[in-house]
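Naming: A, B, ... by sequence-line order, numbering from 1 per chain. Keep in mind that the numbers below use all heavy atoms, side chains included, and drop hydrogens, waters and symmetry copies.
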Protein chains: 4
Amino acid sequence: MPTTNSSPKSKRDDLIEVAAKLFYKQGYHCTGVQQIIQEAGIAKGTFYSHFKSKEALGCAWLKARHQEWTGWLLDSISGKTTAKAKILGTFDFLGTWMQACDYRGCAFMNTLSETPAIDSPLRVEIVAHLNELKEMMRQLVDDHHSARSKKERSDTFKVIFVLFEGALTEIRNTRDTSSLPAVKALVKSLL
Amino acid sequence: MPTTNSSPKSKRDDLIEVAAKLFYKQGYHCTGVQQIIQEAGIAKGTFYSHFKSKEALGCAWLKARHQEWTGWLLDSISGKTTAKAKILGTFDFLGTWMQACDYRGCAFMNTLSETPAIDSPLRVEIVAHLNELKEMMRQLVDDHHSARSKKERSDTFKVIFVLFEGALTEIRNTRDTSSLPAVKALVKSLL
Amino acid sequence: MPTTNSSPKSKRDDLIEVAAKLFYKQGYHCTGVQQIIQEAGIAKGTFYSHFKSKEALGCAWLKARHQEWTGWLLDSISGKTTAKAKILGTFDFLGTWMQACDYRGCAFMNTLSETPAIDSPLRVEIVAHLNELKEMMRQLVDDHHSARSKKERSDTFKVIFVLFEGALTEIRNTRDTSSLPAVKALVKSLL
Amino acid sequence: MPTTNSSPKSKRDDLIEVAAKLFYKQGYHCTGVQQIIQEAGIAKGTFYSHFKSKEALGCAWLKARHQEWTGWLLDSISGKTTAKAKILGTFDFLGTWMQACDYRGCAFMNTLSETPAIDSPLRVEIVAHLNELKEMMRQLVDDHHSARSKKERSDTFKVIFVLFEGALTEIRNTRDTSSLPAVKALVKSLL
DNA sequence: AATGAATGAGCCTTCATTCAT
DNA sequence: CATGAATGAAGGCTCATTCAT
């Protein structure tokens, strides 16, 4: 995601950008503040003038990541004209994106795995992201199946969302997208 | 997985047992060797006479975890007489187990999230587990659909496995099993 | 020590005022420049345009504190008409002031405890304060015992000053003024 | 205070010994863990295997200091045969000791100045020391004035203790023992 | 004067691991 | 096998100070 305007990036943005790369690739706990500031070419003190803690940077990263990733997803389906096509498009996006990210998977789910403490501030961002993604897909299903009963729509949405999460997980685990066509075919049959 | 004989547990087993609890609950990187030996009541040196590194303990944990978890799964479906009932039973198991483990999810997938390095020794255990689980389920689908074409069986298996991984992920993320009935109904419709 | 005119306080004075509160309450080394400027609502750069270092602020604080505290002491005995009454009054002041300051004790002695280096600039202010206080009390004793020999006056002053410092210390240590009456009675017997 | 036997000192004792020197000379907050381990020739990790924090070392130091200093005091008056001589001896000790310690004063009072927080663990040790010293002197006064009323003994003790604390403070402040003879003479007159 | 971003040495503490006993 | 003292690199974070605006 290149910045759209040519305004000079702030150090804060530099830090988030570097952290995004490292947290995502190496994991949150395997990435030290030291490495982040080193790769960003920024002093220790500067880091802590922008973020009160590593955790605060983690939250800022997840907030930014939510915007970025949601943008990618929406962009990828913006050309589709029907809700059904959009839903199917999200599964195509899954394959494309996972290959592009070297099969690292969902930043939010990965960070949730690393941060089981139920009161972690990171969890707030994670849950917010997952909920928003969920609502986005629920809306698409509702749009497509507007004629059906609430219960039917809800169940359809539930399994499609589980298929989305499952496909993501499977591709991450195996570094292989070969399950995707069958999954997509099943989704199609549900719509 | 209880030990089959009544011999006193070795220190090595004590360490794995304590590590299992802590790695699973807190995460691999958030759990220090110090905490493990402390809670196991074992000396530092003794630890390193049994495991050459924390990573080696991690591998031993995952090996043991594979046996334990697979045992739970097989036990839970051993009463079923048909392949179809066994497959559906795995989804019931999912709900029961996830509630019992406080929604922490799959030790292997969580550890994969924490340890993205592709050459990590932990990854070997993770991949082995996931592959064995996959083969187990593939066998069940093959047994059930023995009359169908290889391609059909393969596709059915793929989507069921994705549904299994997806349901697991969804329950972990939301600490809620309410997606499970719809997922199970879909699986049933596929068999 | 209120400012004698009604001009708005300068930032410099704000800084000294905030520092006074924090240095006294928390100790000199436990109080950071950051906290001072934050509570004063003043920028980092502004701080260093007024004081070349934290130590310089410390000196300014002690200078101001000397004026303030000496003012309190003099005010408290200004109503007394004899030297003897004034001397006894200083011990009454001790009790009143120590209770008011929550038994934190003498800013100068406390800072001396924190700053043992013999060439510390802070020490200059501390010694100056203690000397001036000493001369003030010596004058009172001289006034009262003007008929006695120099040696006698000097010895009387010495023990009274030691009793003053001792009472201050004792009240600080115990957060309790119950030694004061006995001390005051002894002082009275010496005059 | 040299160790009386030739047993090899433990690293823990080395650390306390080095810390004692540095905390006393430079102050608690001006002395870093780094400097302590460096001068003790001990690794970081070793430090924290002996003390869970710098504060814990501080407490251990004060505990040891209490024994050491009390020993010095008792030794210095053990040759005296009467309570009166012992009391007067404590003031002689004051002068001797203060010159020997380069007028740094009482480790406990200095540390109290640095650590105003009322719930500091260091304060527990400080208060314990001051109380024990107080009881020691109260006992001497009681022994000497056993014929007098409780109130009389209490008041005498109070002023003598204040004189002790005051003399200590005055010598520390001025790096000069010249007040001591007059103080000692006054104490003598009270006994 | 005034600002506040930027600095980097230093803070206390924890880490996984080694080694002599 | 078992011990636990010892290691030192690295962890996250705060410090007093500088400097371009």
D/I37 CD1 - F/dG8 P separation (whole Å):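 Distance check: D/I37 CD1 to F/dG8 P gives 10 Å.
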Could you tell me how far apart B/F47 (CZ) and E/dT17 (C1') are, to the nearest whole angstrom?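 Distance, rounded to whole Å: 10 Å.
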Has B/H50 got a side-chain N or O lying under 4.0 Å from the OP1 or OP2 atom of F/dA2?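 Answer yes for this pair, as a side-chain N or O of B/H50 is under 4.0 Å from OP1 or OP2.
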Using a cut-off of strictly less than 4.0 Å, decide whether A/T46 has a side-chain nitrogen or oxygen near OP1 or OP2 of E/dA5.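 Answer is no, no contact under 4.0 Å.
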Side chain of A/K11 (C-beta onward), nearest among E/dT7, F/dG8, F/dA2: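 Closest of the options to the side chain of A/K11: E/dT7.
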Picking from F/dT7, F/dT3, F/dG12, which would you name as closest to the side chain of A/Y48?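 Nucleotide nearest to A/Y48's side chain: F/dG12.
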Dot-bracket encoding of pairs in DNA chain F, which uses [ ] for pseudoknotted crossings and | for another strand, Watson-Crick or G-U under 3.5 angstrom: .||||||||||||||||||||
Working to the nearest 0.5 Å, report the span between SG of D/C106 and CG of D/L130.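 One gets 6.0 Å once the value is rounded to the nearest 0.5 Å.
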Gap separating the CD1 atom of A/I126 from the OG atom of A/S120, nearest 0.5 angstrom: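 If I round to the nearest 0.5 Å, the distance is 6.5 Å.
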What pairs with C/R65 under salt bridge (charged side-chain N to carboxylate O under 4.0 Å, His left out), at least two apart in sequence or on another chain?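 Testing C/R65 for salt bridge (charged side-chain N to carboxylate O under 4.0 Å, His left out), a comparison that skips the adjacent residues, returns C/E68.
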Looking at D/E55, I want to see if its CD is surrounded by more than 12 non-hydrogen atoms of other residues, nucleotides or ligands under 6.0 Å.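 Yes, because the 6.0 Å sphere around CD of D/E55 holds more than 12 heavy atoms from other groups.
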Classify the side-chain pair D/T111/D/R123 by whether it contains a donor and acceptor separated by less than 3.5 Å.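 Side-chain D/A pair, D/T111 to D/R123: absent.
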What salt bridge (Lys or Arg N to Asp or Glu O under 4.0 Å) pairs are there with at least one residue in residues 25-37 of chain C, not counting sequence neighbours?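 Residue pairs with at least one partner in residues 25-37 of chain C: there are none.
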Determine whether a donor-acceptor pair (one donor, one acceptor, N or O, separation below 3.5 Å) exists between the side chain of C/K44 and the base of F/dT17.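 For C/K44, whose side chain was compared with the base of F/dT17, there is a donor-acceptor pair (under 3.5 Å).
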By a strict heavy-atom criterion of less than 4.0 Å, which residues belonging to residues 51-61 of chain D are in contact with DNA chain E?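 The stretch gives D/S53, D/K54 as the residues lying under 4.0 Å from the strand, ordered by number.
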For DNA chain E, which residues in residues 17-31 of chain A have a heavy atom at a distance below 4.0 Å?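 Nothing qualifies; none.
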Over all strands shown, is A/S49 touching base, sugar-phosphate only, or nothing at heavy-atom distances under 4.0 angstrom?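 Nothing, no nucleic acid heavy atom in range.
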Over all strands shown, is C/G45 touching base, sugar-phosphate only, or nothing at heavy-atom distances under 4.0 angstrom?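 The residue C/G45 makes base contact.
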Candidate pair B/Q35 and B/E39, rule side chain to side chain donor-acceptor pair (under 3.5 Å), full reasoning: CA-CA 6 Å; B/Q35 189 187 6; B/E39 299 203 11; 3.2 Å; yes
Between C/E114 and D/Y28, is the side chain to side chain contact (heavy atoms under 4.5 Å, CB included) condition met? List the steps. CA-CA 8 Å; C/E114 286 203 72; D/Y28 177 78; over 6 Å; no
Which word best sums up how the rings of A/F23 and A/W61 line up, parallel for under 30°, tilted for 30 to 60°, or perpendicular for over 60°?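 Ring orientation, 0 to 90° scale: tilted.
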Among all residues two or more places apart in sequence or in another chain, which pass the side chain to side chain donor-acceptor pair (under 3.5 Å) test with B/T31?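 Applying side chain to side chain donor-acceptor pair (under 3.5 Å) to B/T31 gives B/Q26.
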Tell me, with the steps shown, if D/L57 and D/H50 meet side chain to side chain contact (heavy atoms under 4.5 Å, CB included). CA-CA 9 Å; D/L57 172 63; D/H50 286 296; over 6 Å; no
